[in-house]
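In what follows, a structure is listed as structure tokens, so that the remarks can point back to it.
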Amino acid sequence: MPELPEVETIARGVDARIRGDRIVDVWFGRHREPFKSPRAGQVVGLRERQIIAVHRTGKHVVVELGRRSGERAKGKGSQEDAAEIAAQWIVHLGMTGRLLVTTPEADVAKHTHARLTLASGRELRFVDPRRFGRLEFRDLRKGLGFAGPGVEPLTIEAEAFAVLFHGRKLAIKAALLNQTLLSGVGNIYADESLFHAGIRPRRRAGQLTHVELEKLRRALRKVLEHAIRLGGSSVSDYVDAEGVRGFFQLEHCVYQRTGEPCRRCGNAIKRIVVAGRSTHYCAHCQK
DNA sequence: CATTTCACCTGGTGGC
DNA sequence: TGCCACCAGGTGAAAT
């Protein structure tokens with residue numbers, strides 16, 4: 001169920017553990033759901049590749065992979081470069097996906113869909129009960145690297161942010177959840193950032209003033225950065241690569257606080273449905 | 001095209 | 001304890 005801060009936490013944790021390791025074997029469960037690119041191509045493509053780095057793009061974990069032994073470097077006469085990225089494994093965690101680095105003896109959790117055996121002897125496992133997650137393999141000799149569907153909310157500038165919402169009639173909350181506009185914002189951080197910006201979730205995106213949009217952009221960035229520092233939120237079963245829970249949920253101002261007093265004014269937090277999602281706000285603090 | 005709704009899944013919770 | 005309705009951090013296809 002992870003959003004940007006949770007995925008960032010997971011990617012950092014996995015990177016710290018498996019960077020420089022090598023994939024020696026690949027196992028996938030029987031479900032067909034998790035494969036965004038063909039399963040057989042993933043099995044073959046992942047094997048015998050070095051893991052150069054693991055990072056986050058939007059809500060996706062991107063595993064950067066090197067050349068396979070025997071594969072030639074791109075371009076004639078290019079120098080031998082062990083860190084050249086030749087392929088990517090892209091993991092979307094959906095609502096309940098987890099990436100775990102374990103020993104091979106560790107109990108295999110129910111709903112484990114992938115197990116990558118590493119040269120160090122450990123395993124990278126993908127576990128996802130609801131099966132909304134997706135796995136994709138990209139060979140960069142055959143196509144482009146993964147860029148994410150929209151713009152990164154942590155780095156977008158004021159003007160570009162305003163342009164995203166210009167002329168749009170849908171609710172600002174719905175616009176924040178649209179991954180082709182901004183990548184990485186989900187239900188928690190949409191609600192939290194709208195609270196900190198003092199904007200009601202049903203306001204039409206295109207009707208917000210430049211001042212309001214700039215407040216929103218800054219609130220969003222601040223909330224995401226703060227959540228990353230705390231290791232993300234863990235409302236129910238989210239656990240990062242280390243098995244440690246995030247602590248940002250303790251600082252939620254509105255998300256899943258229906259009926260509880262607003263931390264700023266004391267009025268009860270309201271719950272409505274916007275874009276088919278539970279939406280929480282303070283009617284006094286948000287206009 | 002822009003926007004809305006709903007299906008896709010399993011599991012946890014709370015009411016009766 | 002069981003049964004049931006409802007809820008959940010996300011998409012992406014179909015309908016409007």
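Letters A, B, ... are given to chains in the order of the sequence lines, protein chains preceding strands, and every chain is numbered from 1.
The side chain of A:Arg130 places no N or O atom within less than 4.0 Å of a non-bridging phosphate oxygen (OP1 or OP2) of C:dG9. Between C:dG9 and A:Thr96, no contact under 4.0 Å exists linking OP1 or OP2 to a side-chain N or O. For the pair A:Tyr255 and C:dG9, the criterion of a side-chain N or O lying under 4.0 Å from OP1 or OP2 is met. Listed pair A:Gln179 / C:dT11 meets the phosphate criterion, a side-chain N or O lying under 4.0 Å from OP1 or OP2.
Backbone-only contact: A:Gly186 has heavy atoms under 4.0 Å from sugar-phosphate atoms and none from a base. Among the atoms of the strands shown, none is found under 4.0 Å from any heavy atom of A:Arg204.
For the pair A:Glu6 CD and C:dA8 P, the computed distance is 16 Å after rounding to whole Å. We find that CG of A:Asn187 is positioned 13 Å from C1' of C:dT11, with the value rounded to whole Å.
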Intra- and inter-strand pairing of DNA chain B, written as dot-bracket with Watson-Crick and G-U pairs under 3.5 Å and | for the latter, reads .|||||||.|||||||
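Atoms CG and CZ, on A:Asn178 and A:Phe165 in that order, are 9.0 Å from each other to the nearest 0.5 Å.
A gap of 15 Å separates the P atoms of B:dC9 and C:dA14, to the nearest Å. Taking atom P on both nucleotides, C:dC6 is separated from B:dC6 by 14 Å, rounded to a whole Å. Annotation: B:dT3 and C:dG9 have their C1' atoms spaced 23 Å apart (nearest Å).
Salt-bridge annotation for A:Glu212 and A:Lys215: absent, with no side-chain N of the basic residue lying under 4.0 Å from a carboxylate O of the acidic one.
One hydrophobic cluster holds both A:Leu213 and A:Leu194 under the rule that ILVMFWY side chains link at heavy-atom gaps under 4.5 Å.
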#### Entry: Trace of the salt bridge (Lys or Arg N to Asp or Glu O under 4.0 Å) decision for A:Glu3 with A:Lys59
CA-CA 6 Å; A:Glu3 304 180 32; A:Lys59 291 177 189 170; 5.8 Å; no
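Cation-pi contact between A:Arg202 and A:Tyr281: absent, since separation from the ring centre below 6.0 Å together with deviation from the ring axis within 45° is not met.
Within a 6.0 Å sphere centred on CG of A:Leu250, other residues, nucleotides and ligands contribute more than 12 heavy atoms. Shown here is A:Arg204, whose CZ atom has no more than 12 heavy atoms of other residues, nucleotides or ligands within 6.0 Å. The number of heavy atoms from other shown groups lying within 6.0 Å of CZ (A:Arg218) does not exceed 12.
From the 5' end on, the contacts that DNA chain B makes with chain A at under 4.0 Å to a non-hydrogen atom open and close at B:dT3 to B:dG11.
Looking at the side chain of A:His92, the nearest of the listed nucleotides C:dA8, C:dT11, C:dG9 is C:dT11.
Between A:His113 and A:His31, the two ring planes are perpendicular [angle over 60°; tilted spans 30° to 60°].
Taking for each of A:Arg134 and A:His280 the nucleotide of DNA chain C with the nearest heavy atom, the 5'-most of the two is the partner of A:His280.
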